[in-house]
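The structure appears below as structure tokens.
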Amino acid sequence: MSVQTEIPKVYSPESIEPYWARVWVEQKLYRPSGDPTRPRFSLVIPPPNVTGSLHIGHMLEHTEIDILMRWHRMRGEDVLWLPGTDHASIATQMIVEQEIGREALPELEGRSAALAAWRREGQRRRLEMGREKFLERCWQWKEQSGGRIRQQMERLGASVDWTRERFTMDPEYSRAVFEVFARLYKEGLIYRGTYIVNWCPRCRTAVSDLEVGHEERAGKLWYIRYPFEDGGYITVATTRPETMLGDTAVAVNPSDERYRGAVGRRLVLPLLKRVIPVIADEFVDPNFGTGAVKVTPAHDPNDYGIAQRHNLTKLRVLDEEARVTENGGPYKGMDRYKAREQVLDDLRAGGLLEKEEEYALSIGVCSRCKTVVEPILSEQWFMRMQPLAEPAIRAVEEGHIRIVPENYRKIYLDWMYSIHDWCISRQLWWGHRIPVWTCGQCGEVIISEGPPGSCSKCAADDLRPETDVLDTWFSSALWPFATLGWPADTDDLRRYYPTDLMIMGFDILFFWGARMIMMGLKFMNEVPFRELYIHALVRDAERQKMSKTKGNVIDPLEVTEKYGTDAVRFALAISAAPGTDIAFSNEKIESYRAFANKIWNAGRFILMNLHKLDEDARSRVASLVGVDSESGFGSLPTGQTLELANRWVFSRLATITGEIERALADYRFHEAAYKIYHFFWHEFCDWYLEWVKPEIARPLGPEDSCNAWANLLRVFEASLHLLHPFMPFITEELWHRLPNRVQEISISLRPFALAGLQATDPEAEKDFASIQSLVVAARNAKAEAGLQKEKVGARVASEDAALLQLVSIHKETVLLLAGLESLETVSGRIGTGAYVTSVFDLQLVHEKQVDLEAERLRLAKERARLEEALERVRKQLENRNFLARAPQDVVRAAEERRTELEVQFQKVVESLERLG
RNA sequence: GGGCGAUUAACUCAGCGGUAGAGUGCUACCUUCACACGGUAGAAGUCAGAGGUUCGAGUCCUCUAUCGCCCACCA
């Protein structure tokens with residue numbers, strides 16, 4: 001059996017990732033310990049909607065969360081990540097309708113037309129099949145979609161506690177929803193009333209202000225004459241002539257001289273011949289249009305306000321599907337746009353249309369279906385927000401919740417300052433039914449979780465249930481405490497509330513984030529989370545938003561299968577700079593698949609050589625590395641004199657461990673990922689592994705210390721630990737292949753940082769850098785001389801005796817890394833043809849003719865560069881203000897730099913002169 | 001109408017007060033026994049423009065230009 005066949009050369013994630021994903025779930029690895037002696041860290045997932053499967057944005061969100069969860073867990077904290085899903089009332093209902101429609105009309109072609117047709121047909125069939133049957137279909141859909149979401153999360157490696165999975169329509173959760181509704185109603189914070197709401201004629205439900213998007217559209221401003229009863233006319237300007245059918249007044253500004261005599265007079269509304277008054281109201285802007293406004297109280301929020309002040313009739317002229325009602329007389333039954341055309345035609349015919357102007361207007365559209373919403377007077381349920389907002393504002397202002405990045409704090413506060421009441425009822429079926437019955441006899445409103453037998457006031461049994469459901473965000477606002485068992489006083493609630501962190505996209509900050517804060521403070525008397533991190537949006541390579549219609553979506557399942565979860569996770573993490581959207585592409589993922597492959601091969605190399613050792617040597621190495629499963633993977637070696645490469649690598653490890661922890665604490669995922677990437681590839685692989693190669697390639701005798709091997713394994717294992725939160729699968733796999741780790745449970749339960757790792761070793765870093773620069777110079781000189789593949793000898797000269805000694809000590813390593821066959825050290829300088837740096841001259845010894853011209857070119861360029869740099873630093877040092885005001889260490893650094901540059905410059909000049 | 005963000009190498013992006021960075025791509029060389037999803041070396045940037053603050057500015061301030069996003073009840 002050869003190790004080479006056992007460990008494939010190319011890493012294939014598909015052969016290990018599903019395995020570990022399953023193991024982690026089956027072993028219930030990520031249930032929190034509940035250990036009260038440990039700090040706890042809790043987070044509830046932003047529950048994905050059960051509308052389908054997860055998209056790449058979820059994957060980013062879950063990757064970020066998982067990185068933090070794994071990191072905290074490895075730090076020994078009692079970590080809870082609670083998973084679950086949201087019923088997503090309106091979104092799911094639409095999808096299910098669409099599905100039903102698709103079944104009925106399967107043969108349609110053309111995506112958007114088909115969607116529209118399916119939805120129409122689905123809605124029709126929903127009404128046909130009735131509430132109960134439709135809800136059955138919704139539950140079926142929920143099971144399917146929820147299962148798919150769970151599968152995807154498992155495949156992603158999300159380290160959640162599945163035993164605590166929740167759904168917003170679970171019976172226990174629904175109890176919490178009822179409880180909240182009942183309490184808020186009792187306190188008068190929920191009320192029923194008839195107001196102007198945003199109505200989507202397609203979805204046939206009211207929607208909240210947040211669910212309305214604004215779009216710029218080219219429109220027209222029409223000037224219409226309204227004749228006075230007793231002669232003359234007044235001209236009003238409107239963008240919506242069809243609403244004149246519902247006009248009950250015309251308003252002007254009280255200070256408007258032009259209309260002084262008009263106020264109080266009566267007009268005859270064109271077309272319908274209704275008599276309406278001219279009234280004066282401060283709201284009217286005399287500078288807009290004609291300064292006279294038609295007032296349609298039932299279909300415009302401003303007009304509604306005017307109507308309230310003046311006690312005007314509120315006449316509804318558009319129905320639930322935006323067709324004209326019987327109040328519209330001859331226009332009854334017409335669609336709103338058809339009615340507009342007809343009204344304009346009739347006005348024109350009557351000579352009442354004075355003129356029309358082009359006008360850009362901002363129009364409200366339903367964020368679900370893009371249908372233009374209609375402001376309609378309608379009876380709905382509302383929540384009073386201001387009393388709830390006040391503590392939520394304070395919580396953020398006083399820092400009980402930290403919002404990151406900080407600019408979202410201001411956005412949050414601005415929105416909260418001007419919050420208005422929330423329309424919480426929806427004319428939908430899928431969701432939490434509003435728990436209210438109204439007595440048909442006495443009108444008593446009864447709040448009850450189930451059907452009450454009879455009226456609590458008059459004992460009548462004519463009780464009419466509320467058929468509306470609650471806005472989906474009503475229930476999700478309770479998520480952080482309802483998932484932990486509220487209203488019961490559970491252990492989970494006591495231990496894990498308030499949660500430590502919430503991560504979400506900016507798009508739901510108001511929908512969800514703000515409302516969770518308000519509800520948490522209201523019902524728990526404590527914030528729902530201590531920090532709120534707003535993550536970026538994932539866009540395509542051209543920075544376009546991903547959308548199915550544009551066809552530029554990256555499907556997480558697809559790329560995961562193609563490149564491996566680890567690669568996708570890493571690509572997301574390293575792109576996730578706070579506050580900046582992510583331009584994502586397959587190429588990006590490919591480069592981190594290469595990284596995974598690099599890690600794999602480093603492991604393969606180490607393991608292959610380890611297995612080449614004889615049994616005895618291997619077990620001695622193993623015993624040095626240790627088995628300790630509690631504090632884990634060993635600790636820094638003690639009691640041995642470390643060789644330079646080890647001092648250096650442990651020093652670097654200490655540095656980046658600190659840097660990564662600091663970056664993660666600040667949600668700088670990109671920085672943390674980059675640090676470990678760079679360390680692993682360009683320090684550990686490029687330098688350390690190359691350096692120790694000869695040592696580990698040789699067989700060990702009984703008298704060998706095995707320290708080199710043990711140290712290599714320590715560093716490699718420590719690197720895997722640092723990598724684990726980012727790339728859980730490959731690290732888990734490789735780690736289990738290390739000696740003594742086969743029987744262990746999981747790397748994810750081990751400490752993040754190597755024990756005892758704290759001090760850095762500047763001297764080792766400096767010496768190592770010197771050797772590095774010599775090696776690079778030699779490679780460089782060889783490349784320039786066109787001797788890359790040849791083994792040549794070299795002479796290195798320096799005035800620094802310590803440096804020469806260092807070089808002598810590590811001569812073998814330098815020969816190996818630089819590809820030299822011999823190296824001679826010389827005190828002083830070397831003549832013509834040397835490769836010159838600030839600390840040494842390097843000369844290659846070879847037969848080949850030196851290309852003097854190329855060398856002259858290189859040196860001339862170098863001289864120019866040095867001259868420029870020198871000029872800059874000299875100028876700086878000549879500046880008295882700089883010397884006086886800059887910090888001492890900056891001045892000292894500049895001085896050192898000047899000296900260094902001067903030496904370098906001098907050498908280059910001399911070398912150039914020698915070349916002639 | 002308010003507010004926010006972006007503008008850095010061919011592309012995608014980091015850096016946010018002290019000598020311009022990465023990944024990809026490109027050029028040359030290398031299939032040397034961990035890795036060609038690799039190695040070595042290299043070319044490539046008046047950090048959008050104009051002012052200002054500072055000893056010193058991609059980095060802070062102001063304005064301008066272009067692009068993008070969010071919020072908003074002016075018919």
Side-chain angles (χ1 to χ4, degrees), chain A residues 4 7 9-11 196 209-210 213-214 221 236-240 243 251 283-285 287-296 300-305 359 361-362 364 375 407-408 410-411 414-415 418 420 506-507 509-510 537 541-543 545 563 567 571 574-575 577 579-585 587-588 590-609 668 670-671 674 677-678 685-686 689-690 693 697 776 779-784 786-789 818-819 869 872-873 875-876 879-887 889-891 893-894 897 901:
Chain A
Q4 219 150 346
I7 307 179
K9 230 161 123 162
V10 175
Y11 172 55
I196 294 272
D209 296 343
L210 272 176
H214 298 273
L221 195 57
V236 299
T238 182
T239 55
R240 302 207 50 198
T243 62
F283 167 79
V284 180
D285 175 3
N287 298 318
F288 187 90
T290 61
V293 184
K294 60 190 272 313
V295 181
T296 321
D300 182 284
N302 295 315
D303 294 5
Y304 176 83
Y359 187 73
L361 57 143
S362 157
N407 56 311
Y408 290 113
K410 190 177 171 306
I411 296 174
D414 283 349
W415 187 76
S418 58
H420 37 266
F506 172 67
D507 53 335
L509 177 60
F510 306 139
L537 228 60
E542 276 76 47
R543 312 200 100 260
K545 247 186 194 155
Y563 303 105
I574 205 164
S575 311
T580 316
D581 286 349
I582 296 171
F584 210 56
S585 62
E587 294 78 63
K588 209 163 200 166
E590 276 172 34
S591 56
Y592 298 102
R593 174 183 62 180
F595 181 45
N597 194 57
K598 186 76 180 177
I599 298 168
W600 182 256
N601 276 289
R604 176 172 179 265
F605 171 68
I606 292 166
L607 293 168
M608 260 169 41
N609 282 292
R668 298 193 318 271
H670 68 301
E671 203 178 306
Y674 179 73
Y677 173 91
H678 188 268
C685 288
D686 287 355
L689 268 187
E690 294 300 327
K693 239 174 195 177
V776 168
R779 287 167 176 171
N780 211 322
K782 281 181 70 180
E784 260 169 37
L787 295 166
Q788 270 170 325
K789 54 182 161 185
R872 229 176 324 165
V873 74
K875 234 170 105 183
Q876 197 173 33
N879 187 333
R880 212 166 299 159
N881 283 325
F882 173 72
L883 297 175
R885 301 192 196 187
D889 52 324
V890 173
V891 175
R897 183 166 156 70
L901 285 170

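Residue numbering restarts at 1 for every chain, and letters A, B, ... go by the order of the sequence lines. This structure is a prediction, so every number in the text was calculated from the model and none was measured.
- One can place OH of A:Tyr408 at 13 Å from C1' of B:G3, the figure rounded to the nearest angstrom.
- One C1' atom belongs to B:G17, the other to B:G56, and the distance between them is 8 Å to the nearest Å.
- In this structure, A:Lys598 contributes its side chain and A:Arg593 its backbone to no donor-acceptor pair below 3.5 Å.
- Partners of A:Ile606 under the side chain to side chain contact (heavy atoms under 4.5 Å, CB included) rule, at least two apart in sequence or in another chain, are A:Phe684, A:Leu689, A:Trp709, A:Leu712, A:Leu713, A:Phe716.
- Residue A:Gln876 is in base contact, counting any heavy-atom pair closer than 4.0 Å across all strands shown.
- By the side chain to side chain contact (heavy atoms under 4.5 Å, CB included) test, A:Ala894 pairs with A:Val873, A:Gln876, A:Leu877, A:Phe882, sequence neighbours left out.
- Rounded to the nearest Å, the gap between the C1' atom of B:G39 and that of B:G5 is 41 Å.
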For RNA chain B, the dot-bracket pattern of Watson-Crick and G-U pairs whose distances stay under 3.5 Å, | for other-strand partners: ((((((((.[[[[.)..(..]]]].(((((.......))))).....[[[[[..)....]]]]])))))))....
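- Rounded to whole angstrom, the span from the CD1 atom of A:Ile7 across to the P atom of B:C33 amounts to 17 Å.
- For the P atom pair drawn from B:C69 and B:G52, the interatomic distance equals 35 Å after rounding to whole Å.
- Although no hydrogens or angles enter the test, the distance criterion places a donor-acceptor pair under 3.5 Å between the side chain of A:Asn597 and the main chain of A:Tyr11.
- Comparing B:C33 with B:A44, their P atoms sit 33 Å apart, to the nearest whole Å.
- As rounded to the nearest Å, B:U7 and B:A50 have C1' atoms that lie 15 Å from one another.
- Taking the salt bridge (Lys or Arg N to Asp or Glu O under 4.0 Å) definition, one finds that A:Asp285 meets it with nothing, sequence neighbours left out.
- As rounded to whole Å, 12 Å separates atom P of B:G21 from atom NE2 of A:His678.
- Both A:Cys685 and A:Arg668 lie near RNA chain B, and the one whose nearest nucleotide falls closer to the 5' end is A:Arg668.
- Remark on RNA chain B: of its neighbouring residues A:Asn881 and A:Glu690, the 5'-side contact belongs to A:Glu690, judged by nearest-heavy-atom nucleotide.
- Listed by chain and number, the residues in a side chain to side chain contact (heavy atoms under 4.5 Å, CB included) with A:Asn407 are A:Pro405 (sequence neighbours excluded).
- The side chain of A:Tyr677 sits closest to B:G23 out of B:G18, B:A34, B:G23.
- Ring-plane geometry between A:Tyr359 and A:Phe288 is classed as perpendicular, the angle between the planes exceeding 60 degrees on a 0 to 90 degree scale with a lower cut at 30.
- Taking atom NE2 of A:His670 as the reference point, atom P of B:U12 lies 18 Å away to the nearest angstrom.
- Taking atom C1' in both B:A28 and B:A34, the straight-line distance is 25 Å, to the nearest Å.
- In B:G58 the base sits syn relative to the sugar, since the glycosidic angle is no further than 90° from 0.
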Letter per nucleotide, 5' to 3', of nucleotides 67-75 of chain B [B base touched, S only sugar-phosphate touched, - untouched; heavy atoms, 4.0 Å]: ---S-BBBB
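- A:Asn601 places a side-chain N or O within donor-acceptor distance of the main-chain N or O of A:Lys9, the cut-off being under 3.5 Å.
- Between B:G45 and B:A36, the two C1' atoms lie 30 Å apart (nearest whole Å).
- Taking atom CG of A:Leu509 as the reference point, atom C1' of B:C4 lies 13 Å away to the nearest angstrom.
- For A:Glu590, the salt bridge (Lys or Arg N to Asp or Glu O under 4.0 Å) test picks out no residue, with sequence neighbours left out.
- Checking B:G5, B:A34, B:A14 against every side-chain atom of A:Asn407, the shortest atom distance belongs to B:G5.
- A:Arg872 comes within 4.0 angstrom of the backbone, heavy atoms only, and of no base.
- A:Pro375 comes within 4.0 angstrom of no nucleic acid atom, judged by non-hydrogen atoms across all strands.
- Rounding to the nearest 0.5 angstrom, the gap separating the OG1 atom in A:Thr580 from the NE2 atom in A:His670 is 7.5 Å.
- Shown here are the side chain to side chain contact (heavy atoms under 4.5 Å, CB included) partners of A:Val284, two or more places apart in sequence or in another chain: A:Ala251, A:Asn253, A:Val293.
- Between the OH atom of A:Tyr592 and the P atom of B:A14 there is a distance of 12 Å, given to the nearest Å.
- Residues meeting the salt bridge (Lys or Arg N to Asp or Glu O under 4.0 Å) test with A:Arg779, sequence neighbours left out: none.
- If you measure from atom NZ of A:Lys782 to atom P of B:A41, you get 11 Å, rounded to the nearest angstrom.
- Annotation: ring-ring contact (aromatic ring centres under 6.0 Å, His included) contacts of A:Tyr304 (sequence neighbours excluded): none.
- Considering only residues two or more places apart in sequence or on other chains, A:Lys693 meets the salt bridge (Lys or Arg N to Asp or Glu O under 4.0 Å) condition with A:Glu690.
- Across B:G23, B:A34, B:G18, the shortest atom-to-atom separation from the side chain of A:Arg604 is found for B:A34.
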Produce the list of close N/O pairs, under 3.5 Å, pairing protein atoms with atoms of nucleotides 36-40 of chain B; give distances to one decimal.
unit_1	atom_1	unit_2	atom_2	d
B:C37	O2'	A:Asn597	ND2	3.1
B:C37	O2	A:Arg593	O	3.3
B:G38	O3'	A:Lys598	NZ	3.1
B:G39	OP1	A:Lys598	NZ	3.2
B:G39	OP1	A:Trp681	NE1	2.4
B:U40	O2	A:Gln788	NE2	3.4

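- Here B:G23 presents its P atom at 19 Å from OH of A:Tyr563, a figure rounded to the nearest Å.
- Rounded to whole Å, the separation between the P atoms of B:U8 and B:A14 comes to 11 Å.
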